[in-house]
Protein chains: 2
Amino acid sequence: MSTPRTLEHPDVVELSLDAVLSALADPMRRRIVVQLANGCHDQACIAFELPVSRSTATHHFRVLRLAGIIEQRYQGTAILNTLRSSCLEERFPGLLAAIVGAEAPSSS
Amino acid sequence: MSTPRTLEHPDVVELSLDAVLSALADPMRRRIVVQLANGCHDQACIAFELPVSRSTATHHFRVLRLAGIIEQRYQGTAILNTLRSSCLEERFPGLLAAIVGAEAPSSS
DNA sequence: TCGCTACGACGATGATCATCGTACTACGCT
DNA sequence: AGCGTAGTACGATGATCATCGTCGTAGCGA
């Protein structure tokens, strides 16, 4: 037990368009976001099966978290990832939907 | 006269989300786009008064043009810049509006 | 207790990029 | 013709970043 591990997340008001767009400019990170947006909520990092090493995957998830795009919380040794859709919508209305929609025409 | 100078522009169907988002991830380029979106149509590059050297400004305008975000055409020695709003809207609906709206709360 | 799993930290590396200065070109005006 | 203006081309440079491998750590199960 002790203190359960926690991960740093920016507050809603701290979200910067620069950080969000820089994070979303990378194809690998967009892939993660699209996968999360397509109903794969609360997935562990490993479940995404990214074609990169674990170190690189960790890096991408952290960039997304620090940009305020995803929320990460520990569950055992795994980390559950969730899209912070409402935070993003509140701060940058329509942005996430536009990008996910542009990337993944498979939905609908 | 001879052949008037022309500049290379990508076709609508060639627009890639990757190029567009990478271009828009830079604050200086977003500044240009926001300025164009706020009614400053057909402005010459120099009219933007960017806080960078001319070489750098040229670079940014070219990145925007090659990403398909702006249209550039010569008029004398100057270059008139226009937002390709309809092309972007056709390819990535809502994207430009979301970014411009998030960046510039001054409008409205 | 002993692994096994999922992930983070650290340091390195190679690529990309934003920035610059300088030299060059094209066009218009006098 | 000569000059000024607007922008381009060409390196160069310093910073950032995506990627990796290795090692460390926390939790779970046998």
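No experiment lies behind these values; they were computed from the predicted model shown. The chains referred to below are lettered A, B, ... by the order of the sequence lines, with proteins before strands, and numbering in each begins at 1.
- Of the N and O atoms on the side chains of B:Ser53 and B:Thr56, at least one donor lies less than 3.5 Å from an acceptor on the other residue.
- Defined by atom type and a distance below 3.5 Å, a donor-acceptor pair is missing between the side-chain atoms of B:Asn81 and B:Gln43.
- For the pair A:Asp11 and A:Arg84, the tightest heavy-atom approach, listed with the atom from each and the gap, is C-NH2, 4.3 Å.
- Residue-level contact check: A:His60 touches the backbone only, with heavy atoms under 4.0 Å from sugar-phosphate atoms and none from bases.
- Rounded to whole Å, the distance from CZ on B:Arg31 to P on C:dA18 is 16 Å.
- A:Ser55 contributes a side-chain N or O that forms a donor-acceptor pair with the base of D:dG21 under 3.5 Å.
- Minimum atom distance to the side chain of A:Tyr74 is reached by C:dG8, of the listed D:dG7, C:dG8, C:dA18.
- Proximity of a side-chain donor or acceptor of B:Gln72 to a complementary backbone N or O of B:Leu7 within less than 3.5 Å is not detected.
- You'll find that the side chain of A:Arg5 is closest to D:dG27, out of D:dA9, D:dG7, D:dG27.
- Close to D:dG7, at under 4.0 Å from its OP1 or OP2, lies no side-chain N or O of B:Arg62.
- Within the nucleic acid shown, B:Ala57 has no heavy atom closer than 4.0 Å to any nucleic acid atom.
- Nearer to the 5' terminus of DNA chain D, by closest-nucleotide assignment, is the contact made by B:Cys45 (compared with the other of B:Cys45 and A:Asp26).
- Between A:Ser22 and A:Arg54, the residue anchored nearer the 5' end of DNA chain D, judged by the nucleotide with its closest heavy atom, is A:Ser22.
- Residue B:His59 places its side chain closer to C:dA18 than to any other of D:dG27, C:dA18, C:dA9.
- Residue contacts for B:Phe61: at a heavy-atom cut-off of 4.0 Å it reaches no nucleic acid atom on any strand shown.
- Taking atom CD1 of residue A:Ile79 and atom C1' of nucleotide C:dA9, one finds them 13 Å apart after rounding to whole Å.
- Checking C:dC7, D:dG7, D:dT19 against the side-chain heavy atoms of A:Met28 singles out D:dT19 as nearest.
- We find that CD of A:Gln75 is positioned 12 Å from C1' of D:dC28, with the value rounded to whole Å.
- Look at CD1 on B:Ile46: it is 15 Å from C1' on C:dC27, rounded to the nearest Å.
- Per the geometry, CZ belonging to A:Arg73 stands 16 Å off C1' belonging to C:dC7, to the nearest Å.
- B:Glu8 places its CD atom 15 Å from the C1' atom of D:dT8, with the value rounded to the nearest Å.
- With B:Arg29 contributing its side chain and B:His60 its backbone, the two residues share no donor-acceptor pair below 3.5 Å.
- Rounded to whole Å, the distance from CG on B:Leu50 to P on D:dA6 is 14 Å.
- Closest to the side chain of A:Thr56, from the set C:dC20, D:dA9, D:dC20, is D:dC20.
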(request) Verify side-chain contact (heavy atoms from CB on, under 4.5 Å) between B:Gln35 and B:Leu83, making sure each step is shown before the conclusion. (result) CA-CA 10 Å; B:Gln35 211 159 328; B:Leu83 253 190; over 6 Å; no
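- Contact annotation: B:Thr77 does not reach the phosphate of D:dG7 (side-chain N/O to OP1 or OP2, under 4.0 Å).
- The interatomic distance linking A:Asp18 (CG) with C:dA18 (C1') rounds to 13 Å, in whole Å.
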